[in-house]
Amino acid sequence: MRLMLLGPPGAGKGTQAESISREFDIPHISTGDIFRENIKQGTELGRKAQSYMNQGLLVPDDLVVDLVKDRLLKEDCVKGFLLDGFPRTIPQADALDAELSKMERKLDRAINIQVKKEVLIERAVGRRVCKSCGAAFHIKFKPSEIDGVCDRCGGELQQRKDDLEETVIKRIEVYLEQTEPLIEYYSQKGILMNIDGEQEIQTVFEDIITGLRG
Ligand code: ADP
Ligand code: AMP
C-alpha cells in the first residue's frame, strides 16, 4: 500500500502514521523527522533546513524532493510506504508523481486529516517530543507516564522549537497557502480520503483503517 498523510500542523499525522505503518507493515517516512535527525547530527542538510523550520517556513522544494527520491529507492519501500508531511506543495506532488511513474507505481490514497485551527494550536503547543527517539506526547491529550520522561525509551521530553504559539500560527498560514491546494489535487486524482481528526486518537485510527480496507 502506498499512502500519504495530508493535514495541517498538529492534525495528528505523526501519531496516526505510527499505528498505520505498524498495521500494514510499511515504512513511515516523515520528512520533518528526517530534517530533525539531520539537525541533531549536524549535517549540511540539517544546517540548511534549520533556519526555515524555526521560522515556520517550508524548506525549499529541491532539498525535500531529492531526499524523498533517495528514500523511496530503499529496499523497504518495495512493499509500500506511508509518507507523512510530504508532499507539501504542488511542485513536490508533481515530482512525486513523476518519480513514481518512473517506477511504474502510483499512490493508492491520500489521507486528509481535518482539524480546525483552534484545536491545532492547542495540540501543537502542548506537544512534547523525546530528544532521543522522537516519540511524540501531549501534555493533556497523550501524557507520558512520568512527567518529562519518554515512555518508550526513558529519554527527556522537550517542546519543538517550531511549536511556540506564534510559529504554529505561521505554520498554519503557510499550510493554507501552500499545502491546502493538495486537497483538490488528490481529489481530482480520485484518491483523497477525508478523515475527521477531531476525535480521540484511537477513533481516528479506526476510521482510517475502515476507509483503507473499504
Ligand atoms: P502532526 O504530525 O500532524 O503535526 P502529531 O501527530 O504530532 O501532529 O500531533 C500533534 C499533537 O497532538 C501531539 O502532541 C499528539 O500527541 C496530539 N494528538 C494527535 N492526535 C490527537 C487526537 N486525535 N486528539 C488529541 N490529541 C492528539
Ligand atoms: P513536520 O514534522 O511535518 O511538522 O515538519 C516540520 C518542518 O519541517 C516544517 O514546518 C517544514 O519547515 C519542514 N518540512 C517538513 N516536510 C517538508 C516538506 N515536505 N516540504 C517543505 N518543508 C518541510
Side-chain angles (χ1 to χ4, degrees), residues 4-21 28-40 45-46 48-69 71 82-96 111-116 118-130 134-144 150-152 157-164 167-179 182 195-208:
M4 69 129 343
L5 278 163
L6 187 58
K13 300 184 294 299
T15 303
Q16 296 301 328
E18 227 181 273
S19 310
I20 299 168
S21 70
H28 167 202
I29 303 173
S30 156
T31 41
D33 283 352
I34 296 172
F35 287 133
R36 280 184 289 277
E37 188 55 32
N38 274 272
I39 292 170
K40 200 159 99 184
L45 177 66
K48 286 184 183 158
Q50 188 165 29
S51 62
Y52 296 101
M53 291 171 75
N54 288 348
Q55 293 176 72
L57 302 173
L58 293 185
V59 174
D61 286 339
D62 53 344
L63 291 182
V64 193
V65 166
D66 286 348
L67 108 81
V68 175
K69 278 187 189 171
R71 183 64 187 83
L82 171 60
L83 292 168
D84 162 11
F86 179 90
R88 260 181 159 99
T89 63
I90 300 274
Q92 289 181 19
D94 284 338
L96 174 65
I111 305 163
N112 179 34
I113 305 184
Q114 299 172 303
V115 175
K116 63 173 172 284
E118 299 70 34
V119 178
L120 293 174
I121 295 173
E122 188 181 13
R123 283 195 189 168
V125 172
R127 170 165 47 195
R128 295 294 179 269
V129 294
C130 177
F137 298 86
H138 191 281
I139 50 171
K140 186 164 150 194
F141 304 125
K142 194 186 172 188
S144 56
C150 177
D151 288 351
R152 198 202 273 169
L157 300 185
Q158 64 181 4
Q159 189 178 34
R160 273 169 46 175
K161 278 206 176 114
D162 59 351
D163 278 342
L164 297 174
T167 316
V168 172
I169 291 169
K170 177 72 196 168
R171 286 164 61 208
I172 294 170
E173 279 169 23
V174 167
Y175 164 82
L176 292 173
E177 199 177 297
Q178 301 192 58
T179 309
L182 291 179
I195 295 288
D196 174 3
E198 288 183 25
Q199 314 170 86
E200 302 252 315
I201 293 175
Q202 182 60 24
T203 313
V204 176
F205 175 62
E206 283 162 14
D207 281 2
I208 292 173

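Since this is a predicted model, take the numbers as computed values, not measurements. Order of listing sets the numbers, starting from 1, for every ligand and every atom in it.
- Note on ligand 1: A124 sits outside its first shell, no heavy atom being nearer than 4.0 Å.
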Test M53 against Q50 for side chain to side chain contact (heavy atoms under 4.5 Å, CB included), laying out the working first.
CA-CA 5 Å; M53 291 171 75; Q50 188 165 29; 5.8 Å; no
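- Among protein heavy atoms, atom 2 (O) of ligand 1 sits closest to G14 N, 2.9 Å.
- Considering CD1 of I113 and CD of E198, their distance stands at 12.0 Å, rounded to 0.5 Å.
- The R171 neighbourhood of ligand 2 comprises atoms 4 (O), 10 (O), with distances under 4.0 Å to a heavy atom of that residue.
- Of all the heavy atoms of V64, the ones lying under 4.0 Å from any atom of ligand 2 belong exclusively to the side chain.
- Residue contacts with ligand 2 include R36, since one of its heavy atoms falls under 4.0 Å from the ligand.
- Counting only distance, with no hydrogens or angles, the side chain of Q178 and the backbone of R88 share no donor-acceptor pair below 3.5 Å.
- Shown in contact with F137 at under 4.0 Å from a heavy atom are these atoms of ligand 1, numbered in order with element: 13 (C), 14 (O), 16 (O).
- The distance from ligand 2 to the heavy atoms of T31 drops below 4.0 Å at these ligand atoms: 15 (C), 16 (N), 17 (C), 19 (N).
- Scanning both residues, F86 and L96, for their nearest heavy atoms gives CE2-CB, 4.0 Å.
- The protein heavy-atom contact nearest to atom 16 (O) of ligand 1 is H138 CB, 3.6 Å.
- For atom 7 (O) of ligand 1, the closest heavy atom belonging to the protein is R127 NH1, 2.6 Å.
- Considering only non-hydrogen protein atoms, atom 24 (N) of ligand 1 sits nearest to R123 NH2, 3.3 Å.
- In the vicinity of M53, heavy-atom distances shorter than 4.0 Å reach the ligand 2 atoms 7 (C), 8 (O), 12 (O), 13 (C).
- Listed for the S144 side chain is no donor-acceptor partner under 3.5 Å among the backbone atoms of D151.
- Partners of R123 under the side-chain hydrogen bond (donor to acceptor under 3.5 Å, both in side chains) rule, at least two apart in sequence or in another chain, do not exist in this structure.
- For ligand 1, the atoms lying closer than 4.0 Å to a non-hydrogen atom of E200 are 23 (N).
- Residue contact annotation: G7 has no non-hydrogen atom under 4.0 Å from ligand 1.
- Scanning the protein for heavy atoms near atom 20 (N) of ligand 1, the closest one is I201 CG1, 3.7 Å.
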Would you please test V68 and T31 for side chain to side chain contact (heavy atoms under 4.5 Å, CB included) and show each step?
CA-CA 8 Å; V68 175; T31 41; 3.5 Å; yes
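- Rounded to the nearest 0.5 Å, atoms CG (L83) and CG (L6) are 11.5 Å apart.
- Taking any N or O of R88, backbone or side chain, at least one lies under 3.5 Å from an N or O belonging to ligand 2.
- Atom 22 (N) of ligand 2 has V59 N, 3.0 Å as its closest protein atom, hydrogens excluded (heavy atom only).
- Nearest protein heavy-atom contact of atom 8 (O) of ligand 1 is G12 N, 3.2 Å.
- Taking any N or O of A136, backbone or side chain, none lies under 3.5 Å from an N or O belonging to ligand 1.
- Of the polar atoms of G85, at least one N or O is found under 3.5 Å from an N or O of ligand 2, judged by distance alone.
- With respect to D163 and R171, a salt bridge is recorded, a charged nitrogen being found less than 4.0 Å from a carboxylate O.
- Close approach of ligand 2 to F86 (heavy-atom distance below 4.0 Å) involves ligand atoms 19 (N).
- Proximity of R127 to ligand 2, defined as any heavy-atom pair under 4.0 Å, is not found for any part of the residue.
- Crowding of K170 atom NZ: a count of heavy atoms from other residues, nucleotides or ligands under 6.0 Å not exceeding 12.
- Panel note: side chain K161, backbone Q55; no donor-acceptor pair is recorded below 3.5 Å.
- Here Q92 has side-chain heavy atoms under 4.0 Å from ligand 2, and that is the only part of it that gets that close.
- Set against the non-hydrogen atoms of F141, the atoms of ligand 1 under 4.0 Å away are 25 (C), 26 (N).
- Any N or O atom pair closer than 3.5 Å counts here, and K13 shares at least one such pair with ligand 1.
- Where the criterion is an N or O separation shorter than 3.5 Å, residue side chain and backbone included, G126 fails it with respect to ligand 1.
- Between R160 and ligand 2, a contact under 3.5 Å exists for at least one N or O pair.
- Under 4.0 angstrom from ligand 2, the non-hydrogen atoms of L57 all belong to its backbone.
- Between N112 and Y175, the closest heavy-atom pair is OD1-OH, 4.5 Å.
- If you look at E198 next to ligand 1, there are no close heavy atoms at all, none under 4.0 Å.
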Steps toward side chain to side chain contact (heavy atoms under 4.5 Å, CB included) verdict (F141, I201):
CA-CA 9 Å; F141 304 125; I201 293 175; 5.6 Å; no
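- Side-chain N or O atoms of K13 include one that pairs as donor or acceptor with a backbone N or O of G7 at under 3.5 Å.
- Only the backbone of Q199 comes within 4.0 Å of ligand 1, counting heavy atoms alone; no side-chain atom from C-beta on gets that close.
- Under a 3.5 Å cut-off, the side chain of H28 and the backbone N or O of G14 do not form any donor-acceptor pair.
- Counting heavy-atom neighbours within 6.0 Å of K69 NZ, excluding the residue itself, gives a total above 12.
- Ligand 2 has no nitrogen or oxygen under 3.5 angstrom from a nitrogen or oxygen of G56.
- Considering CD1 of I39 and CD1 of I34, their distance stands at 12.5 Å, rounded to 0.5 Å.
- Summary of contacts: the protein heavy atom closest to atom 15 (C) of ligand 1 is T15 OG1, 3.7 Å.
- Shortest non-hydrogen contact noted between A49 and V59 is CB-CG2, 3.9 Å.
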